[in-house]
Amino acid sequence: MRERNPVDQYLYITILMNTKNTFIVLEGVEGSGKSTQSQVLSQKLSSEGISNLLVREPGSTNTGEKIRALILEGCELNPLTELFLFSAARSELIQNEIIPALDSNTVVVCDRYIYSSFAYQGYAKGLNLDTVAKVNSIATSHISPDLVFLLDINPEVSFKRTKANPRDRFEKESISFHNSVRKGYLCLAESSQNTWHIIDAEKPSEIISEIIWQKVITLLT
Ligand code: TYD
């Protein structure tokens, strides 16, 4: 941990006193860079001595990782089955990792959350948004994040980063599918402007990290 001058030290103690229940989510289409940014944020928090937990969806629990393999590597599933499977993995994550972390003043950084289900299974695959909301309110015990960062990018651009080597069923979907995902995210961000921050994901990675860091620090102080 680095040495701090008295002003920084005061700020640091204020941050430690305010970290309770801080839950941060990063969302975006494939290749938007949110997994990298989640890792950078977690590392920055750690380097400031702020206890944090980095998790990804689907996964980050034993059962969640098995469900992840089933969804991503398995055969085509209908959207409702997908919704239940993603929500089951999410329920494991919420009960076993996220709630205990928040209860012990640990900042949670989550790479994808319920908004992925709205964007992918709802907006892009056509499931009723009320259905997505109902299933997720049960799966998450209504736990919502304090901040959501949307790394917004045109899929045509982001796919230059991933499409050369698609790793799973979702990455093989068409550009128009991913355009619907992007539009879905933008609608979600529009309706919750207090919590959501849209970031242009074509900006250089260090600039994006700094934008995220400034918002997080503002929330924590
Ligand atoms: P992943 O390899 O983690 O993608 P990324 O690195 O872009 O996060 O695969 C997760 C895939 O699952 C991704 O294509 C989005 C999709 N997904 C849904 O369709 N619904 C969901 O609720 C979640 C969490 C993910």
Side-chain angles (χ1 to χ4, degrees), residues 23-42 54-61 63-94 97-98 108-129 131-140 143-145 148-185 188 199 201 205 208:
F23 182 17
I24 301 162
V25 167
L26 288 91
E27 293 276 2
V29 298
E30 263 81 0
S32 60
K34 68 187 167 35
S35 303
T36 306
Q37 293 299 337
S38 303
Q39 284 162 16
V40 171
L41 175 58
S42 168
L54 172 63
V55 287
R56 68 162 181 186
E57 279 212 18
S60 295
T61 62
T63 308
E65 290 295 331
K66 286 182 186 143
I67 296 174
R68 178 187 176 86
L70 182 66
I71 304 172
L72 298 184
E73 292 151 26
C75 52
E76 196 62 36
L77 301 166
N78 79 59
L80 194 56
T81 307
E82 270 180 15
L83 174 68
F84 283 123
L85 288 174
F86 280 118
S87 304
R90 186 166 296 135
S91 168
E92 280 292 300
L93 185 60
I94 278 281
E97 300 290 334
I98 295 181
V108 174
V109 179
C110 194
D111 177 352
R112 296 194 182 279
Y113 191 50
I114 55 173
Y115 314 104
S116 289
S117 292
F118 281 99
Y120 285 78
Q121 282 66 52
Y123 285 95
K125 295 205 171 185
L127 274 192
N128 183 300
L129 297 180
T131 306
V132 179
K134 275 185 198 135
V135 171
N136 273 291
S137 60
I138 299 167
T140 62
I143 305 272
S144 345
V148 182
F149 293 105
L150 172 58
L151 298 191
D152 180 52
I153 189 165
N154 180 339
E156 305 235 16
V157 176
S158 74
F159 269 48
K160 295 205 177 97
R161 301 173 183 173
T162 59
K163 201 71 180 176
N165 190 15
R167 294 165 303 162
D168 60 54
R169 271 195 312 114
F170 287 87
E171 289 186 4
K172 289 180 189 139
E173 292 278 1
S174 65
I175 284 288
S176 80
F177 173 87
H178 290 283
N179 277 329
S180 304
V181 172
R182 182 190 190 196
K183 277 194 201 134
Y185 275 134
L188 294 166
I199 300 175
S205 181
I208 296 174

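Reckoned from all heavy atoms, side chains included, excluding hydrogens, waters and symmetry mates. Whatever order the structure lists them in is the order used to number ligands and atoms, beginning at 1.
The two atoms that bring Val29 and Arg112 nearest to each other are C-NH2, 4.3 Å, heavy atoms only.
The existence of a salt bridge linking Glu65 and Arg56 is confirmed by a sub-4.0 Å separation between a basic side-chain nitrogen and an acidic carboxylate oxygen. Between Glu76 and Arg169 there is a salt bridge, with a side-chain nitrogen of the basic residue lying less than 4.0 Å from a carboxylate oxygen of the acidic one.
Protein heavy atom nearest atom 13 (C) of ligand 1, with residue, atom name and distance: Glu30 OE2, 3.1 Å. Atom 6 (O) of ligand 1 has its closest protein heavy atom at Arg167 NH2, 3.7 Å. If you check which protein heavy atom lies closest to atom 7 (O) of ligand 1, you get Arg112 NH2, 3.0 Å. The single protein non-hydrogen atom nearest to atom 3 (O) of ligand 1 is Arg68 NH2, 3.0 Å, given as residue, atom name and distance. Scanning the protein heavy atoms around atom 17 (N) of ligand 1, the nearest turns out to be Phe86 CZ, 3.3 Å. Among protein heavy atoms, atom 22 (O) of ligand 1 sits closest to Ser117 OG, 2.6 Å.
With sequence neighbours left out, the ring-ring contact (aromatic ring centres under 6.0 Å, His included) criterion links Phe118 to no other residue.
On a distance-only criterion, Glu82 and ligand 1 share no N/O pair closer than 3.5 Å. For Gln121, a nitrogen or oxygen atom sits less than 3.5 Å from a nitrogen or oxygen atom of ligand 1, counting backbone and side chain alike. Between Tyr113 and ligand 1, a contact under 3.5 Å exists for no N or O pair.
In this structure, the side chain of His178 does not engage the main chain of Glu156 through any donor-acceptor pair within 3.5 Å. At least one donor-acceptor pair closer than 3.5 Å links the side chain of Ser38 to the backbone N or O of Lys34.
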- Message: Determine whether Gln37 and Ser205 satisfy the following criterion, side chain to side chain donor-acceptor pair (under 3.5 Å), listing intermediate values before the conclusion.
- Response: CA-CA 8 Å; Gln37 293 299 337; Ser205 181; 3.3 Å; yes
- Report the C-alpha distance between Thr131 and Leu80 in whole Å, list the side-chain angles of each, state the deciding distance to 0.1 Å, and finish with yes or no for side chain to side chain contact (heavy atoms under 4.5 Å, CB included). CA-CA 9 Å; Thr131 306; Leu80 194 56; 4.2 Å; yes
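Within ligand 1, the atoms closer than 4.0 Å to a non-hydrogen atom of Lys34 are 5 (P), 7 (O), 8 (O), numbered from 1 in the order shown. Residue-ligand proximity, Glu57 to ligand 1, at heavy-atom distances under 4.0 Å covers atoms 24 (C). Near Ser116, with a cut-off below 4.0 Å to any heavy atom, the atoms of ligand 1 are 20 (N), 21 (C), 22 (O), 23 (C), 24 (C), 25 (C). Heavy-atom contacts of Asp168 reach the following atoms of ligand 1: 2 (O), 9 (O) (cutoff under 4.0 Å).
Residues Ser116 and Glu27 have side chains that bring a donor and an acceptor to within less than 3.5 angstrom of each other.
The closest heavy-atom contact to atom 9 (O) of ligand 1, among the options Leu85, Val29, Leu72, comes from Leu72.
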Under 3.5 Å, side-chain donor or acceptor atoms of residues 83-92 against the rest of the protein: list the pairs with distances, not counting sequence neighbours.
residue : atom : partner : partner atom : Å
Ser87   : OG   : Leu83   : O            : 2.6
Arg90   : NE   : Glu57   : OE1          : 2.8
Arg90   : NE   : Glu57   : OE2          : 2.9
Arg90   : NH1  : Ser117  : OG           : 3.0
Arg90   : NH1  : Asn136  : OD1          : 2.6
Arg90   : NH2  : Glu57   : OE1          : 2.7
Arg90   : NH2  : Tyr113  : O            : 3.3
Arg90   : NH2  : Ser117  : OG           : 3.3
Glu92   : OE1  : Asn96   : ND2          : 3.0

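Under the 4.0 angstrom criterion for non-hydrogen atoms, Arg90 is in contact with ligand 1.
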